Asks: 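Can you keep this structure in mind? I'll have questions shortly.
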Amino acid sequence: MAELKLTGVSKIYGGGIEVLKDINLDIQQGELVVFVGPSGCGKSTLLRMIAGLETISDGTLEIDGVRVNDMPPSQRGIAMVFQSYALYPHMTVRENMAFALKIAGKSKAEINASIETAARTLQLEPYLDRLPKALSGGQRQRVAIGRSIVREPKVFLFDEPLSNLDASLRVATRIEIAQLKEQMPDSTMVYVTHDQVEAMTLASRIVVLNNKGISQVGTPLELYKTPKNEFVACFIGSPAMNLLAGKITGTGETTTVQLDGGGVATSNVPTLDSDQGAHVNIGVRPEDLYATEPNANGASLYSGEVSFTEALGEVTLLYMDNNGEALTAKFIGIHMGLRGNTVALSAAPDNVHLFQEGLSMLHRAQRS
Amino acid sequence: MSPILQAVLVITLGVGLSVGYFWLSNLILDNVLFPAKGINAGRNINLANAVRPWLFLFPAFAAMGLYLAYPVFETLRLSLIDRDKADAFVGLANYRQMMDEPKFWEALKNNFLWLLVVPAASTLMGLLIAQLTDRLRWGNIAKALIFMPMAISFVGASVIWKLVYDARPEGTEQIGVLNALYTFFTSNSPEVWLTVPFWNNFLLMIVLIWIQTGFAMVILSAALRGIPEETIEAAVVDGAGPLRIFFRIKMPQITSTIIVVWTTITITVLKVFDIVFAMTNGQWQTQVLANYMFDKLFRANDWGVGSAAAMVIMLLVLPILIWNVVSARRELR
């Protein structure tokens with residue numbers, strides 16, 4: 001049970017291709033940290049560097065205060081759950097779990113005790129003498145998790161563990177992982193996924209990776225409510241946050257933005273007098289938009305024609321268009337017959353984000 | 001007519017006739033026998049589709065029957081009769097005569113020796129080379145070189161190795177590598193290696209091992225690459241060293257391929273003929289069954305004993321062949 005510290009970690013592949021640059025991150029004991037990011041952002045590479053399966057080109061990685069850059073994976077005190085489960089196909093579930101313990105020279109009694117405990121936790125007791133091929137996908141995933149639990153590692157590493165499961169099983173296994181984490185409150189876990197829901201539900205903190213570096217680190221709701229930049233704003237939340245270009249016309253505690261599409265937005269993000277006339281993007285989440293009466297002096301935030309709708313039952317998604325400027329809105333409940341109509345939308349000033357050159361104006365004070 | 005022209009003509013005729021057969025028979029089936037029109041169109045299409053595979057398989061079946069199945073029964077018949085006594089049925093007399101010959105037992109004993117050594121050595125070396133060259137930058141060049149003997153005929157290989165084992169009179173320069181080294185490092189006179197009983201068997205086996213290692217290496221190398229990388233990484237994380245990964249993780253995952261390679265080479269070994277024929281012709285106690293059969297059949301003109309020897313070879317190969325096919329099919333699944 002440990003703390004993980006990355007300082008200036010970089011990864012450069014042969015041929016000078018830089019994948020990760022200057023990653024600084026502190027992971028406390030007992031945290032479940034989720035790495036998310038678009039494909040190719042290096043999140044799996046970063047995890048494999050922590051595991052020791054990839055070399056660290058630059059910087060230091062410390063586990064419990066010990067530099068482990070050059071330590072082989074087995075001595076780092078980590079255990080890894082792979083995307084494809086990576087079970088040994090010729091060994092039974094019991095042998096799969098015992099493999100690492102046998103190498104570590106544990107006694108038979110110790111090995112059996114650990115396996116029994118893990119099997120009970122993961123409800124694998126009836127399957128201990130089966131081969132992996134006789135198990136379902138969810139069971140295999142549990143064996144893979146069991147194989148890491150028995151080693152009692154300091155840090156658990158999960159590499160997209162649910163992406164090979166079908167949708168319903170994924171939800172069930174996600175909850176199992178959350179419960180597992182609750183049973184082992186002291187264990188440190190690092191989890192890589194491209195699935196936002198997994199990230200939002202499991203993480204104590206999320207690390208959003210993009211463009212070779214960390215875009216933002218924070219609790220799930222911090223990232224949702226106060227994204228530091230347009231990338232995080234659009235990456236967290238589904239459908240993505242709407243960005244509309246405009247110019248600041250009123251500054252102070254609340255800011256007024258005259259949008260290029262004709263609407264007017266008010267935001268509770270404070271601005272300075274010098275920001276008057278600055279070109280900015282406002283960001284509004286689809287779920288924060290509500291319909292208003294179109295107003296004669298154009299005071300609504302956005303007004304456009306509904307070009308397409310998706311009725312999901314619990315919510316209805318409206319895809320809108322205003323002379324080429326697209327926007328997505330999410331209304332609670334069922335709204336039939338809106339297609340082709342012109343709808344005016346507004347949002348509460350609390351829910352309107354301001355971005356200048358891609359960066360949040362709310363976080364400006366912290367930056368300078 | 002020049003031989004090249006002849007060859008081109010034969011190839012053109014052969015391929016043309018084959019294509020012609022498939023095209024024409026298909027045409028007749030669809031248009032004359034079961035035309036896809038009229039009131040029975042639907043039934044005719046189904047019938048034509050049921051017949052078509054058999055139509056296309058027919059040439060292969062016919063050829064297999066003529067050249068493989070028929071000779072088996074003919075050989076069995078020949079082994080039970082005596083041609084010198086107007087084809088009289090003699091029961092197992094030929095087999096009894098064969099078993100009374102020490103040369104037969106020598107051949108059988110040598111064949112078992114080959115069986116023990118060659119498949120094991122080829123498979124092991126193939127596996128070793130496949131594993132060792134896997135991560136090397138020049139691994140592919142090494143593999144190509146090791147695979148090359150596969151392209152040499154057994155007789156060609158025998159000639160090459162006969163030169164390696166060659167002996168020249170004492171005092172003259174040794175052109176055989178083995179004797180050159182032997183006389184250089186010891187003060188002994190050159191040895192005629194192929195006449196040293198028992199050990200000369202191994203000198204012959206080396207030729208086949210040299211050829212078959214490349215085959216084993218190529219197949220096993222592909223199998224090793226087919227092992228999921230993540231299982232190996234999982235083993236690394238679990239703390240397994242390279243040897244343990246090789247023996248406990250990699251080898252068990254390619255067992256069926258190893259069996260297929262092993263049995264395939266075993267069958268080749270049981271049929272080994274050319275190498276012995278070209279190098280010693282079974283002299284100095286190097287006889288093997290296939291060469292013994294050839295000796296009896298075509299030199300001594302003893303059809304009865306020759307056919308009996310052929311039947312013994314077939315009986316030895318059969319169970320291994322079945323195992324081979326079963327393993328290969330299991331691997332395909």
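Every chain is numbered from 1, with letters handed out A, B, ... down the list of sequences. Please read all numbers here as calculations on a predicted model, not as lab measurements.
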Asks: Given heavy-atom pairs under 4.5 angstrom as the criterion, report whether the side chain, backbone, both or neither of A/Leu101 touches chain B.
Replies: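 When you check distances to chain B, no heavy atom of A/Leu101 falls under 4.5 Å.
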Asks: Taking the six-membered ring of A/Tyr13, is the NZ or CZ of A/Lys11 close enough (under 6.0 Å from the centre) and on axis enough (within 45°)?
Replies: yes
Asks: Tell me, yes or no, whether the heavy-atom count around B/Phe56 atom CZ, taken from other residues, nucleotides or ligands under 6.0 Å, exceeds 12.
Replies: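 Counting neighbours around CZ of B/Phe56, more than 12 heavy atoms of other residues, nucleotides or ligands fall under 6.0 Å, so yes.
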Asks: Under a 4.5 Å heavy-atom cut-off, does chain A meet the side chain of B/Arg248, its backbone, both or neither?
Replies: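 Its backbone and side chain both get close to chain A.
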Asks: Where on A/Leu53 is there a heavy atom nearer than 4.5 Å to chain B: the side chain, the backbone, both, or neither?
Replies: side chain
Asks: Just to verify, which of A/Tyr191, A/Phe35, A/Tyr85, A/Phe82 counts as forming a ring-ring contact (aromatic ring centres under 6.0 Å, His included) with A/Phe158?
Replies: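 Among the candidates, only A/Tyr191 passes.
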Asks: Based on non-hydrogen pairs under 4.5 Å, which of A/Ala86, A/Ala51, A/Ala79 is most in contact with chain B?
Replies: A/Ala86
Asks: Quick one: of A/Ser148, A/Ser84, A/Pro72, A/Ala144, who has the most non-hydrogen atom pairs under 4.5 Å with chain B?
Replies: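 Counting heavy-atom pairs under 4.5 Å, the top option is A/Ser84.
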Asks: On the six-membered ring of A/Tyr88, is A/Arg147 placed so that its NZ or CZ lies under 6.0 angstrom from the centre and within 45° of the ring axis?
Replies: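 Checked: cation-pi criterion met.
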Asks: For side-chain hydrogen bond (donor to acceptor under 3.5 Å, both in side chains), just list the numbers for A/Thr193 and A/Glu160, CA-CA rounded to whole Å, side-chain angles, deciding distance to a tenth of an Å, and then say yes or no.
Replies: CA-CA 5 Å; A/Thr193 183; A/Glu160 308 213 14; 5.5 Å; no
Asks: Is the closest basic N to carboxylate O distance between B/Glu233 and A/Arg48 below 4.0 Å?
Replies: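 A/Arg48 and B/Glu233: salt-bridged.
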Asks: Can you check whether anything in residues 201-232 of chain B gets within less than 4.5 Å of chain A, heavy-atom wise, and list it by number?
Replies: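 Counting heavy atoms that sit under 4.5 Å from chain A, the residues of residues 201-232 of chain B involved are B/Glu230, B/Thr231.
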Asks: Does this structure show an ion pair linking A/Lys5 with A/Glu62, if we count only N-O contacts that are shorter than 4.0 Å?
Replies: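 Salt bridge: no.
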Asks: Look at the side chain of A/Arg76 and the backbone N and O of A/Met71, then say whether any donor-acceptor pair between them is shorter than 3.5 Å.
Replies: yes
